[in-house]
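Encoded as structure tokens, the structure appears first; notes follow it.
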Amino acid sequence: MADNNHDNLNYEDVNIDTTGENVNLLYEKLKLKEETENAAKAAEEGDQPMRLDDASRVKVLSPSRLVAKRFFRNKLAMVGLIILIILFTLCFLGPLFYPYKQTQKFTGINDIEREYAVCGEPTSFVRYFLNTDEKDDVRNYVDSYIKDFEDNGGAAIQRKNAATGDIFEVRKLGEDVYVLYLVGGKLCSVDRFTNEVTTGELPAEHKSQIIAAITNAQRGDSKLELTLDGHTYSIELVSKGTANVYSLFPEGDPRIVPGILASKLVFDSHNAGETLNEEFQVAALTALYDTKEFTIDGKKYTIDTSGEEDLIKDEAGTVTAGISQYAIRSREGKDSFDIEFKSTLVAEVETMIDKNERDASFEYSVPQLNNEGQYDRDEAGNIVLVPETLNIERKEVAGEVRYHVSYNQRTEVWSLFERPSWKHLLGTDGDSYDVIARIMYGGRISLLVGFVVVFLETILGVLMGGLAGFFGGWVDTLIMRLVDIFYCIPTMPIMIILASVFDQQQVKPYIRLLWMMVVLGILGWSGIARLVRGQILSLREQEFMTAAEATGLKTGRRIFKHLVPNVMPQLIVSMTMGLGGVILLESTLSYLGLGVKHPYATWGNMINSVSDIESMKSYTYIWIPVGVLICLAVIAFNFVGDGLRDAFDPKMKR
Amino acid sequence: MAKFIVKRLLLAVVILFFVMFIIYTLTYLIPSNYVETTARELAAATAKQGGKTYQQWLEQLNKETGRDKGLVKGYFTWLWNALQGKFGESWRWNLSCTEKFSKVIWNSFALGLIAFIFEIIIAIPLGVVAAKKQYSVTDYTVTCVALIGISLPTFFVATVLKLVFAIKLGWFDIGGMHSRDFISTTATSWEAFWDVAKHFVLPAMTLIFISIGGLMRYTRTNMLEVLNADYIRTARAKGLSERKVIGYHAFRNTLIPIVTLLGGTLPGLFSGALITETLFSIDGIGYVSYYSMTTGDIPFTMFYLTLMSILTLLGNIIADILYAVVDPRVRVN
């Protein structure tokens, strides 16, 4: 085997002592003589048949060419080589030409019945604050006052807002429209049980007078009056509770002013999407139960209540807005629909109510994506509407009735686990990545991990094995015991422990990858060290090493320039076989979720992502090709390794 | 011979000492918050029963693993305990490591033994046949199947087998040791055995499929070497039947390296199949230690790694001894 390189002496190191030009002259003369003899011989043999043992009949090949020739004759090795070339092209050149990236997500178009609009009568009042400092409050006292008012049978009632101290009197303007008047006056409260009087804003020195007046009031003598400091007050009970609150109205003060306007009516502007401002709405609501005319920003509007729906018209008589009982909003809660859709929907809903139906459907033109996931637009840039069947469904949640309008909307969705198609030859995976792109990038990482680890192993192994074999003695013993120790450390468990620590410490995937390669390299060098040592032990006793020593070469040079090259054949074979092993180990680790992690793809974690029973059954088009690729890569490395061994060492062949 | 064995054993002990030191160092280097997390979990889990507090747990865990004493001192503490068979309480299984081991090892051993026997029954005859008819279709088929078996990752074989036999055909369960409808209290021992046996089929098949290739190739190579030997030519020249040549003269000589190899793998029957058991949820030593390792159960991990190292060393020694015993030409020294 390794005798190819026995003559690998470095002649520049061998100092041949020549004695000047005499030698050269002699050499040239000899050469000339040889040439003439050869020419004569050639002329003589020209007409004779070539002899069997003639040197020119045998084509002499250099040792490396012999190896190559033997290798290329081996069919299995060639199959392996071709597979490897294909795999490498796929993994390293493929991504350059493949249109998709490894973390490129894909979307597809799907028809999904999605909600388009919601129609319902507002359940709470819209509050317009007129002559008050009250603010919109989460504690919706307005609704509860109105409820009290309705419970009270429609008679005007007064309520005190405990937080601000304001007193409101609720009155009804029309269906679903109420006014909360702000009641003026100064307050005084009397505890019903202890008769303790709190005079509040009133001067405390008149307490006794006030108590007397209130006692009268309690007795039932209504409309009691009281004169304090020259002012005449009238006393009214405004709120009952643990303390009765009385209001003392000074004479001449306005008793009440409109404080809050509360309404459930909805204003729909006839310009789609336009929201009418609060001022306009207040004016319109006030006018609705009054003169039916109002002026805003110098423009005069009239309200037409003759039709089914109340319409607001401007001076020219064109309808600018409608007042409706129904609020129609988009899914996002925006008021974005035009009046035509709104009135169509209201009509549909009212028919549903009349017929007492839960479901209904109607035809209407709505926005719809085309097959490219875009809206068709006309020349003006407006979305072209497509007639679709819209479904209305009545839903009642917590006493609130709503009509949900939905239709089959073409929607852009992540293409998760898409079946193989021309766009994605192996479909897409659970992250909507293209499987082929993942395979390419994954193969790149798997192969790279294999190469890096094997090179690390080899460098360590050659270094340690070379030293051990060459020096022998205690160096050898020490290194070989170290080899024994490392040979004994189980790789897989160590990698699992390491990975679970990485998991717990949330190490970045890239750092993990580097660590994994380093640790695999450190754990795997012992085999190569043994091989190198064994070879070197037998080689160092041979003549060429004695010659190298005799020429006075340095030790390092002798080991790594003369011994190690002779181990190269075995090294190359074991590296090739080792590559397959490392790829297997890496893919197993990644499969267990302990190796290379998302977002990096490797063949192992691609199979892992579809390893649960359901995915395993349904997505065979993802994991089977990947598994076959792993198998092919490992087989190819084994074939090539086998072929190389046979080529380097024909004696061993079968 | 005895001297050789003693020498090898002593050397193995020294190696084991250093291997365990390296492994102990690795577990010692596990960041301390890892242990803290475990202590917190244990404290939370036992809090309801009025168990120890987090601080007490942390102290106990550190003491158990010798982490509170520093690396070298901690290692010797652990070693001293281990020598007495005290590997400590497993953090995950709430049992002492040795107890958990004795509970699950026979599952692993049974699975390993089944696979081992079938491997021998299938691989050796096929290897012999392939060598006998070198370069025939049989030879190429055997070689290719062997190579595919070597090259396939365990998880892929397991997944394919699960898909075919468990999902498509529905013959076996996808994993676990018992069927869903198996009731341990009412089942007879025969039924219990049958139930477990059914669950061992797929994992055993996986193990056989991935390990068969190596042995087959090894048998074939050795058989070929023997068939080229002079004494085979002599046997043929004597006019012995081909059957006798192959079956008696050639095969017995092929057995020398095979027995050595197989002898070396015998201790491996006790180390369980880490990946296969995990994939099929077979309650064996491999499965148990996989979950111990991924959940950071340091005592059990140390125990398992010690076991693995001992078994590896033992395998080497057995192989060396067998080599000398089987082949009288080899001199021991």
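Only heavy atoms go into these numbers, but all of them, side chains included; no hydrogens, no water, no symmetry mates. Predicted model, so just to flag it, every value in this text is computed and none were measured. Naming convention: chains lettered A, B, ... in sequence-line order (proteins, then strands); numbering from 1 in each chain.
- Side-chain contact check for A:Pro493 versus B:Tyr304: some heavy-atom pair is nearer than 4.5 Å.
- The contact between B:Leu152 and chain A is made by backbone and side chain atoms together, counting heavy-atom distances below 4.5 Å.
- Remark: A:Thr620 OG1 to B:Ile167 CD1 distance equals 10.0 Å, nearest 0.5 Å.
- Within 6.0 Å of CD1 on A:Ile613 lie no more than 12 heavy atoms contributed by other residues, nucleotides or ligands.
- For chain A, the nearby parts of B:Ile148 are the backbone and the side chain; heavy atoms of each come within less than 4.5 Å.
- No part of A:Phe637 comes within reach of chain B, as not one of its non-hydrogen atoms sits under 4.5 angstrom from that chain.
- Rounded to the nearest 0.5 angstrom, A:Ser500 OG and B:Tyr290 OH are separated by 9.0 Å.
- Separation of atoms CG (A:Leu594) and CE (B:Met293) is listed at 9.5 Å; rounding is to 0.5 Å.
- Distance check, rounded to the nearest 0.5 Å: CD1 of A:Ile494 to CD1 of B:Ile23 gives 5.0 Å.
- Considering only heavy atoms from C-beta on, B:Asn316 stays 4.5 Å or farther from A:Asp484 through its side chain.
- Interface remark: B:Leu163 contributes backbone and side-chain atoms alike to the contact with chain A (heavy atom separation under 4.5 Å).
- With a 4.5 Å cut-off on non-hydrogen atoms, A:Met577 touches chain B through its side chain but not through its backbone.
- Contacts of B:Ile15 with chain A are made by both backbone and side-chain atoms, with heavy-atom separations under 4.5 Å.
- Counting heavy atoms from C-beta outward, B:Ile22 and A:Ile485 have side chains that approach closer than 4.5 Å.
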| side chain to side chain contact (heavy atoms under 4.5 Å, CB included) between B:Phe18 and A:Cys488, worked out | CA-CA 10 Å; B:Phe18 285 105; A:Cys488 197; over 6 Å; no

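- Here the straight-line distance linking atom CD1 of B:Ile174 with atom NZ of A:Lys617 works out to 8.5 Å at 0.5 Å rounding.
- Atom OH of A:Tyr487 and atom CG of B:Leu313 lie 10.0 Å apart (nearest 0.5 Å).
- For a residue to count as touching a neighbouring chain, one of its non-hydrogen atoms must lie under 4.5 Å from one of that chain's; by this rule B:Leu311 does not touch chain A.
- Heavy atoms of B:Thr312 lying under 4.5 Å from chain A belong exclusively to its side chain.
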| task | Under the side chain to side chain contact (heavy atoms under 4.5 Å, CB included) rule, what do A:Ile630 and B:Phe156 come out as? Steps first, then yes or no, please. | result | CA-CA 9 Å; A:Ile630 298 177; B:Phe156 187 64; over 6 Å; no

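- Neither the backbone nor the side chain of B:Ile310 comes within contact range of chain A; no heavy atom of the residue lies under 4.5 Å from a heavy atom of that chain.
- Chain B forms more heavy-atom pairs under 4.5 Å with one residue of A:Ala499, A:Ser587, A:Gly580 than with any other, namely A:Ser587.
- For the set A:Leu592, A:Asp503, A:Leu482, the count of heavy-atom pairs under 4.5 angstrom toward chain B peaks at A:Leu592.
- Looking at heavy atoms from C-beta onward, A:Ile496 lies out of side-chain contact with B:Thr301 at the 4.5 angstrom threshold.
- Of the listed residues B:Ala166, B:Cys144, B:Ser151, the one with more heavy-atom pairs under 4.5 angstrom with chain A than any other is B:Ser151.
- A:Arg481 is not listed as a side-chain neighbour of B:Val14, based on a closest heavy-atom distance of 4.5 Å or more.
- Each of B:Ile150, B:Val160, B:Thr154 has some count of heavy-atom pairs under 4.5 Å with chain A, and the biggest count is that of B:Val160.
- Contact annotation for B:Ile275: only side-chain heavy atoms (C-beta onward) come within less than 4.5 Å of a heavy atom of chain A.
- Contacts with chain B were tallied for A:Asn608, A:Ile497, A:Leu498, A:Leu632; A:Ile497 has the most, counting heavy-atom pairs under 4.5 Å.
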| Under the side chain to side chain contact (heavy atoms under 4.5 Å, CB included) criterion, do A:Asp642 and B:Arg217 qualify, and how do the steps go? | CA-CA 12 Å; A:Asp642 263 358; B:Arg217 258 162 53 115; 2.9 Å; yes

